[in-house]
Each structure stands twice: as structure tokens, then as C-alpha cells.
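The block underneath contains the structure these notes are about, expressed in C-alpha cells.
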Protein chains: 2
Amino acid sequence: MPVKAIKTDSAVKPRSDLALANLRRRILSGAIAPGALLAESAMARELGVSRVPVREALFALEREGLVVFSDTGRAFVRQLSPRDFEELLQLRLTLEPMAARLAAAQIQPHLHALRTNIAATRRARSLAEVTRLDLEFHELILTASGNGRLLKLWRSMRGELELWLGRLHRQHQGQRLDTCEQTACAHEGLLKPFSSHNASLSESKMREHILNWREWLPLQSGQ
Amino acid sequence: MPVKAIKTDSAVKPRSDLALANLRRRILSGAIAPGALLAESAMARELGVSRVPVREALFALEREGLVVFSDTGRAFVRQLSPRDFEELLQLRLTLEPMAARLAAAQIQPHLHALRTNIAATRRARSLAEVTRLDLEFHELILTASGNGRLLKLWRSMRGELELWLGRLHRQHQGQRLDTCEQTACAHEGLLKPFSSHNASLSESKMREHILNWREWLPLQSGQ
DNA sequence: GGAATCCAAATGGTATACCGTTTTAATCTG
DNA sequence: CAGATTAAAACGGTATACCATTTGGATTCC
């Protein structure tokens, strides 16, 4: 055993991860407005790190869809139009039913996590929490599909979804607090065809579920 | 007019783009073997630039699927298994028929480019060129779909496809030189339902086309 | 001979510094 | 006052340097 004392495994937090988490949180919470400039120097100063990790974080955020770069290399908080949201929905309507079909055959090991998620949804105390759990439920299905790339594609859209939903909720505070139970029920309904390993029914139910979900949303508003 | 002489618009080549293009070419051509370590310092020395632009290029290549990072941050040339390729095909079978359906309504402005592509495919002199034109044809459809995110998702898979196909061709040199005409014909067949704006037929023909294409490939081999 | 140990070289993460370009705003011009 | 000009500040791209960790192999030990 080395004299050097205990090796703490690692637990070394890269500063770029710190910057990433910080910026992501502030963008999703709306603390940084859509369209705002994310200057490397300013962010670095705020976070007490150098520009290099900030730079990496910005690239990562671009991949998540939360940030866009101008042609001169400046980073801005992503702005979304209703059109953007429709595009995302179109993709969900293709990818998620596919995931549901694939997942039906091998859902067993994931059932516990799914049920836990539904229970947590019922106990959720805020719209933001319901949204997070909702997306998590869907991501669990994507995971269960067994197609790693499919999951990756979904994750690359998740940031944009959260961005849009967060802004939507902030514009309609207090409304639709019943979403909690509705979401839980809808997800429970999805679980049935999964449990019986019915692939084609899982697929069509998922498509229907996403279409319904779309109807619930207040669709107006821009940015 | 400024005294300072002519402003050459820009034409300033970022060194990171140079590094990106160089590495991409060498990886796709097989000059750098699958699984090989891509050390930042070595690449920087070779290219005569500092590590910073190399670093950026590596991140970009990771996004393209040509490079993977170990948990300690080292970059390696991507290795692909038959399973990976099957996942890609599953996704193509979902995304491209969808793109075809959407594109059918608004294919008009893209017909010329598509026909030019087919003509070029007929004149292609190497398997690599056919592959490039083949992928370009499909990317044109994705573009015509009008869903920008759909195109982005496709592009994030394109690198992996090229990687796999390149390796496959190098293992079966000289075979299937008739692919040239076959590909052109298949693509011409696809063009018909597009021209008549038949969305559902475009969709199913595209699905069929991809399935056929899969059959043509020599499926064995790993890495 | 095989496994644990240890050390030197290699590697990645990050801070700092420099430079050309882009922005921005103040100034000038009509 | 509106538009063009220009100069200063801000910003991004990149080179260099330093440090902690990782790696790979030589060495040691059993």
C-alpha cells in the first residue's frame, strides 16, 4: 500500500463539466434570455475558470441544441420558433413509436424503473418536475429499445424540448396543474402493451400518446 | 472605398477546419487504422498547428461518429461492429422514408440536382465515388424534406456509414463494379413517385430501396 | 515465471498571453 | 437628422506553458 495516503478514486471534476452544468441550468431556467450573447471571457470571469473549459462547454451545448454559433464564432442562447417545435414533434412521432416497437420485446428489466417514474410523477409538485419526469419516462423507453444510436438521437433533441417546454410553462404559470395525474395515467396506459410484449400495439399507442400530448400544449407563443 | 486595398471577403481558413478535414480524410481512407490512438500532441506536430485546433477537430469528429473518447479523455478511431451497422440501418429505415414522404410535396426545386447526381453516378469510375454520390443523393432527399433537424440527424449518421462502407470496399476490392448502373437505376426509380408528388408511394419506395441496398452488401466482416 | 510495484515518458486539462477580426459607439459628413 | 467613417473596446482563434493523471514497461519481489 502506498505511503501517499488514500487515493480518492478520482472524483476530479473537470472544470468544463462545471461550466457546462452551470450554463445549461441557467439557460433552461430562463436566467439567460433567448438570443443573449454568451461571451467566453465574461462566462470565464463569472465562473472563475479560464476560457478553455467555457469554450468546450459551449460546443457541448451547441450539440444539445441550447446554443447556436454565428458565422463569426459567437455563441448565443438558442431561439426556437413554433416551426422548430413542429419539426421536433415530427421526429418524435417517427423515432419514439419505433423505439416502442423495439422495446416491447425486452422491456422486462426496465419495468421497475418505469413504474417508479410513474409513481414519482403522481407525487410531483411542480410543472417543471412533471416535465422532467415525463421526458425521463420517454427516455427510458428509448433506452429499452436497445438501439444506442436511437437513444443518442433522442438525447440530441431533448435539450431543445426542455428549452421549449420551460419557456412555455413560464408563460402560462399556474395553468394545468392537473397535468400530474393525466401524465401518470397516460404513461400507465402505455405500459400495458409493453408488459404483454405486443410490439405493434406498443408502437401505435406511443404514436397516439405523443399526438395527444401535443394537443394539451398551449401552442401559441414564439421565441 | 478604403485605402487599405481590397478586402478579400474573408477566405480565412481556421486551422481547426484544416485539422478536421485532414483527420477526416485519413480516417475515412483507412490511413489511420480503426482503434488507433489520436494523440493531440502528435497530430498537432504533424499538422504544424497547436493542440487547440486539433482538440476542436477531435470533438467535431466525435460528433460525426468517426472518433470516440475513452473515459480518460483519449481519442481513438471509431471501431464499428456489424451490430452498429444494423442500428444505423434501422434508423435509416425510419428516417429516410419519413423524409421521402415529406419531400414529395416540395421536390420540384431539387429535381435538377437529383438528376445531375444520377447522371454523375452513371459516369462514376470507382466504388468510392459511387458511394459518395449515393449518399449525396439520399442527403438531397433529406434536404428536400424541409425538416432541418431531420437533416441534422441524418448527417450525424453519415460519417459512420461512410466509415463502414469504406472499410467494406477495401476488403472486397474489384467486386461489384456494376454497382454504378444499379445504383443509378434504383435512384431513377425513386424519382418517379417524387415527380408525381405521391407521398405515400415515395415513402414505401424509399423503404424498399434501403432494404434492397442492404441485401447487396457483403455482410460479413467486422471492425 | 508471474504478479505486484514503481518510475519515466506521454497525454490531456487548463491557465495565460498575443493577435487579427468583429462589434459597437462615437464622430464626422452631407 | 440620417448615413457613412473611424477608432476604441470586445471578442474569438490559437500558440505556449504548466501541472496532475494516466500509461506502459522495466524492475522487483514472492
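Reminder, nothing fancy here: chain letters follow the sequence lines and each chain counts from 1.
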Query raised in the report: In whole angstrom, what separates B:D17's CG from D:dG13's C1'?
Result: 11 Å
Polar atom pairs (N or O), protein with nucleotides 7-12 of chain C, under 3.5 Å:
from, atom 1, to, atom 2, distance (Å)
C:dG12, OP2, B:E40, N, 3.0

Query raised in the report: Do NZ/NE/NH1/NH2 and the carboxylate oxygens of A:R26 and A:E46 come within less than 4.0 Å?
Result: yes
Query raised in the report: Stepwise, does the side-chain hydrogen bond (donor to acceptor under 3.5 Å, both in side chains) test hold for A:H138 with A:R92?
Result: CA-CA 10 Å; A:H138 285 260; A:R92 289 192 72 180; 3.3 Å; yes
Report summary line: To the nearest angstrom, the CZ-P distance between A:F76 and C:dT22 comes to 14 Å
Query raised in the report: For B:D84 and B:S81, what are the C-alpha separation, side-chain angles and deciding distance, and is it a side-chain hydrogen bond (donor to acceptor under 3.5 Å, both in side chains)?
Result: CA-CA 5 Å; B:D84 288 309; B:S81 64; 3.0 Å; yes
Query - Rounded distance (Å) that lies between atom P of C:dG13 and atom CZ of A:F59 - result: 15 Å
Query raised in the report: When you check the phosphate oxygens OP1 and OP2 of C:dG13, does a side-chain N or O of A:S16 lie under 4.0 Å from one of them?
Result: no
**Report entry** Within residues 98-109 of chain B or reaching into it, pairs that qualify as salt bridge (charged side-chain N to carboxylate O under 4.0 Å, His left out) - sequence neighbours excluded
**Finding:** B:R101-B:E203
Query raised in the report: Is there a ring-ring contact (aromatic ring centres under 6.0 Å, His included) between A:F59 and A:F69 once you walk through the steps?
Result: CA-CA 9 Å; A:F59 285 131; A:F69 282 88; 5.4 Å; yes
Report summary line: Taking for A:D71 and for A:V52 the nucleotide of DNA chain C with the nearest heavy atom, the one nearer the 5' end belongs to A:V52
Report task. Ignoring backbone atoms, establish whether B:S50 has a side-chain N or O less than 4.0 Å from OP1 or OP2 of D:dA15. Result -> yes
Report summary line: note: B:R15, atom CZ; D:dT16, atom P; distance rounded to Å ~ 10 Å
Query - d(CG, A:L20; P, C:dG13) in whole Å - result: 14 Å
Query raised in the report: Should the ring pair A:H209 and A:H187 be called parallel, tilted or perpendicular, given that the plane angle runs from 0 to 90° and is split at 30 and 60?
Result: perpendicular
